[in-house]
Chemist: 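The structure's right below; bear with me while I get my questions together.
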Amino acid sequence: MTKSPSLSQTWISDWRPEDEAFWNAGGKAVARRNLIWSIVAEHIGFSVWLIWSIVTTKLPQAGFHYSTDELFQLIAVPGLIGALMRFPYTFAVTTFGGRNWTIFSAAVLFIPTLSLAYFVSQPDTPFWLMLLVASTAGLGGGNFASSMTNISFFFPDRMKGWALGLNAAGGNIGVSSVQLLTPILMTLAVINLFQATPVDGVFLQNAGLMWVLPIAIAVFGAVFFMNNLTTAKSSIKNQLAVVKRKHTWIMAYLYIGTFGSFIGYSAAFPLLIKTQFPTVTIGIAFLGPLVGSLSRPLGGLLADKIGGSVLTFWNFMAMAAATIGVLYFVGHKDFTGFLSMFLILFVTTGIGNGSTYRMIPSIFREQNLFKVRGKGDSERAVALKTASIESGAAVGFIGAVGAVGGYLIPSGFGKSIAMTGGPQLALAIYLGFYASCLALTWWFYLRRSPQAEGAPSLAEARV
């Protein structure tokens with residue numbers, strides 16, 4: 001008899017999403033409910049992660065005497081901490097349970113939001129202490145890894161792409177939310193109960209206080225509407241095996257170029273506008289991460305049709321061209337051209353996120369199937385299961401490495417402006433990086449050449 005899991009079960013021991021009768025009898029409803037609250041928590045996590053991208057633009061007028069390079073460091077450090085947090089967060093779900101970890105990972109977001117609300121009202125705060133406060137926002141960056149790992153266990157294979165795509169897009173759009181809503185809500189005294197004194201009509205404390213209620217809702221939802229799965233267990237040793245795989249590192253490098261660019265440019269964009277075009281409102285900055293988030297599913301869809309490696313190759317070409325455009329228009333102080341080129345660049349980061357994520361499982365599947373070629377269905381089934389475990393772990397690891405772009409790009413802009421007075425040097429370096437990504441994609445995944453013994457042709461497989 002097929003039983004549906006009860007809403008009241010904290011731990012579900014019988015979970016069979018591939019069993020269609022079980023799925024239709026209630027499994028689908030439970031999976032959908034966990035997905036909804038996972039998206040809520042992850043969306044808030046991304047928002048908190050990028051909160052300093054807006055706050056830094058207001059610090060000078062609030063009386064903080066930090067240099068432009070120091071302001072970019074306040075944006076960059078949460079990116080680095082978020083990337084580092086993704087490593088332990090990847091393995092947390094299989095150790096503590098998806099519901100339990102969502103409760104914890106959402107609750108700790110009170111630390112960066114409340115500490116921000118206090119310290120932005122203290123203009124005498126030394127830079128090192130403010131940097132420490134900003135670094136705690138990186139806790140929001142780890143949520144993506146645990147959230148994606150958790151949701152992957154709830155859905156059958158035929159629906160994982162759809163579920164993970166929704167989960168990822170829901171999180172990424174949090175970057176747009178924080179950049180759209182924060183400038184607006186910082187003008188409302190009601191959020192801090194009329195206790196603060198505005199600076200030039202801005203209540204800077206609201207940038208932290210505005211997230212307190214959403215975080216509380218996310219914790220409440222995780223406690224009462226999410227579940228742990230006893231079947232969501234996997235040996236850390238088995239997962240760490242992917243670190244020894246060559247293609248794990250190649251794809252991590254490419255993912256710095258796609259997701260690293262998305263999160264890095266998203267973080268730096270408001271302050272970059274503020275420093276290069278002082279008369280332009282930073283309220284327009286949310287458009288970049290918005291189009292980047294919305295184009296991610298398009299990247300996955302196109303990759304399914306023409307192949308992930310083919311799309312990734314041409315996408316890096318487009319990223320390079322858009323970067324050249326940004327270089328030209330920022331040099332000529334043409335904001336319309338600058339914004340247009342940057343929006344194209346954001347779209348390509350989203351498409352690249354989708355195409356590279358599609359490549360990862362394809363690469364591990366082809367490699368494992370190649371090892372058992374001609375050995376029968378049972379060996380093939382084992383190979384496919386191994387590929388599933390390895391690709392799942394690789395996605396978490398690659399996602400963590402790729403997030404380092406959230407530190408490298410804002411930091412690079414800060415150093416470039418400090419050394420040369422403009423962002424052109426940093427953009428030229430990023431352009432060179434995209435050229436190297438283009439070369440790697442062609443060499444390993446598109447080049448048709450005699451294969452070494454025991455190596456599959458990933459070009460012929462159209463990964």
Side-chain angles (χ1 to χ4, degrees), residues 68-69 72-73 75-76 79-80 83 246-269 271-273 275-276 288-289 292 295 299 308-334 337-353 355-356 359 398-447:
T68 299
D69 186 28
F72 273 106
Q73 287 301 313
I75 296 172
L80 178 62
K246 174 179 68 176
H247 291 285
T248 300
W249 292 98
I250 296 169
M251 290 305 302
Y253 188 88
L254 298 183
Y255 201 57
I256 293 175
T258 57
F259 179 76
S261 293
F262 168 78
I263 201 67
Y265 289 137
S266 295
F269 201 37
L271 188 56
L272 191 62
I273 291 174
T275 58
Q276 302 306 302
S295 63
S309 56
V310 172
L311 181 58
T312 298
F313 178 84
W314 288 106
N315 190 70
F316 276 125
M317 290 276 280
M319 291 183 76
T323 304
I324 292 172
V326 172
L327 264 167
Y328 175 81
F329 287 111
V330 78
H332 286 74
K333 296 299 179 184
D334 180 338
F338 169 84
L339 179 63
S340 300
M341 289 297 104
F342 235 121
L343 290 181
I344 293 172
L345 187 54
F346 269 110
V347 168
T348 59
T349 65
I351 290 174
N353 285 341
S355 64
T356 48
M359 289 173 67
I398 290 166
V401 175
V404 172
Y407 171 78
L408 296 175
I409 286 180
S411 181
F413 278 134
K415 293 290 187 290
S416 177
I417 292 172
M419 292 169 59
T420 68
Q424 288 93 330
L425 175 60
L427 286 164
I429 292 172
Y430 306 152
L431 178 61
F433 182 78
Y434 298 144
S436 69
C437 290
L438 191 70
L440 280 174
T441 304
W442 175 79
W443 183 266
F444 287 102
Y445 305 118
L446 293 176
R447 180 176 59 103

Chemist: Can you tell me how far CG of Leu408 sits from CG of Leu80, rounded to the nearest 0.5 angstrom?
Modeler: 8.0 Å
Chemist: Check whether Asp334 reaches the backbone of Phe329 with its side chain - one donor and one acceptor, N or O, closer than 3.5 Å.
Modeler: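 No, Asp334 side chain to Phe329 backbone: no donor-acceptor pair under 3.5 Å.
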Chemist: Do Met251 and Phe444 have side chains that approach each other closer than 4.5 Å (heavy atoms only, starting at C-beta)?
Modeler: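 A side-chain contact under 4.5 Å is absent here.
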Chemist: Tell me the side-chain hydrogen bond (donor to acceptor under 3.5 Å, both in side chains) pairs involving residues 310-329, sequence neighbours left out?
Modeler: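 Output for this query lists Thr312-Ser355.
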Chemist: Do Gln276 and Ile417 touch side chain to side chain, with heavy atoms closer than 4.5 Å?
Modeler: yes
Chemist: Any chance you could measure Leu339, atom CG, to Phe342, atom CZ, to the nearest 0.5 Å?
Modeler: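 Spacing of CG (Leu339) from CZ (Phe342) equals 10.0 Å.
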Chemist: Could you go through Thr349 and Phe259, starting from their C-alpha distance and side-chain angles, then the distance that decides it, and tell me whether this counts as side-chain contact (heavy atoms from CB on, under 4.5 Å)?
Modeler: CA-CA 6 Å; Thr349 65; Phe259 179 76; over 6 Å; no
Chemist: Grab the two heavy atoms, one from Val401 and one from Ile256, that are nearest each other, plus how far apart they are.
Modeler: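 Looks like O-CG1, 3.6 Å.
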Chemist: Do you know the tightest heavy-atom contact between Ile344 and Ala322?
Modeler: CG2-CB, 4.0 Å
Chemist: Phe413 and Phe269: aromatic ring centres closer than 6.0 Å?
Modeler: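 No; Phe269 has its ring centre 6.0 Å or more from that of Phe413.
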Chemist: Report yes if the side chains of Tyr255 and Asn353 come closer than 4.5 Å at any heavy-atom pair, otherwise no.
Modeler: yes
Chemist: Can you name the closest pair of heavy atoms from Leu345 and Met319 and give their distance?
Modeler: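 Minimum heavy-atom contact is CD1-O, 3.7 Å.
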Chemist: Measuring from atom CG of Leu446 to atom CZ of Phe313, what distance do you get when rounded to the nearest 0.5 angstrom?
Modeler: 6.5 Å
Chemist: Hey, could you give me the CD1/NE2 distance between Ile398 and His247, rounded to the nearest 0.5 Å?
Modeler: 11.0 Å
Chemist: Going from CG on Asp69 to OG on Ser411, what distance comes out if it is rounded to the nearest 0.5 angstrom?
Modeler: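 It comes to 7.0 Å.
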Chemist: Do Ser261 and Tyr434 have side chains that approach each other closer than 4.5 Å (heavy atoms only, starting at C-beta)?
Modeler: yes
Chemist: Which heavy-atom pair separates Ala83 from Ala400 by the least distance, and what is that distance?
Modeler: CB-O, 3.5 Å
Chemist: I want to check something: taking the side chain as every heavy atom from C-beta on, are Ser295 and Phe346 in contact at a cut-off of under 4.5 Å?
Modeler: no
Chemist: Would you call the rings of Tyr253 and Phe433 parallel, tilted or perpendicular if under 30° counts as parallel and over 60° as perpendicular?
Modeler: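 Tyr253 vs Phe433 ring planes: tilted.
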Chemist: If you take all heavy atoms of Leu327 and Val330, which pair is closest and at what distance?
Modeler: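 Smallest heavy-atom distance, with atoms named: O-CG1, 3.5 Å.
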Chemist: Spell out, as yes or no, whether a donor-acceptor pair under 3.5 Å connects the side chain of Thr420 to the backbone of Ser416.
Modeler: yes
Chemist: When you measure from the side chain of Thr275 to the backbone of Leu272, do you find a donor-acceptor pair of N or O atoms at a distance under 3.5 Å?
Modeler: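 A pair under 3.5 Å: yes.
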Chemist: Is the shortest side-chain heavy-atom distance between Leu254 and Phe316 below 4.5 Å?
Modeler: yes
Chemist: Taking all atoms of both residues into account, what is the closest heavy-atom pair of Ala267 and Pro410, and its distance?
Modeler: CB-CG, 4.0 Å
Chemist: When rounded to the nearest 0.5 angstrom, what is the spacing between CD1 in Ile409 and CD1 in Ile263?
Modeler: 10.0 Å
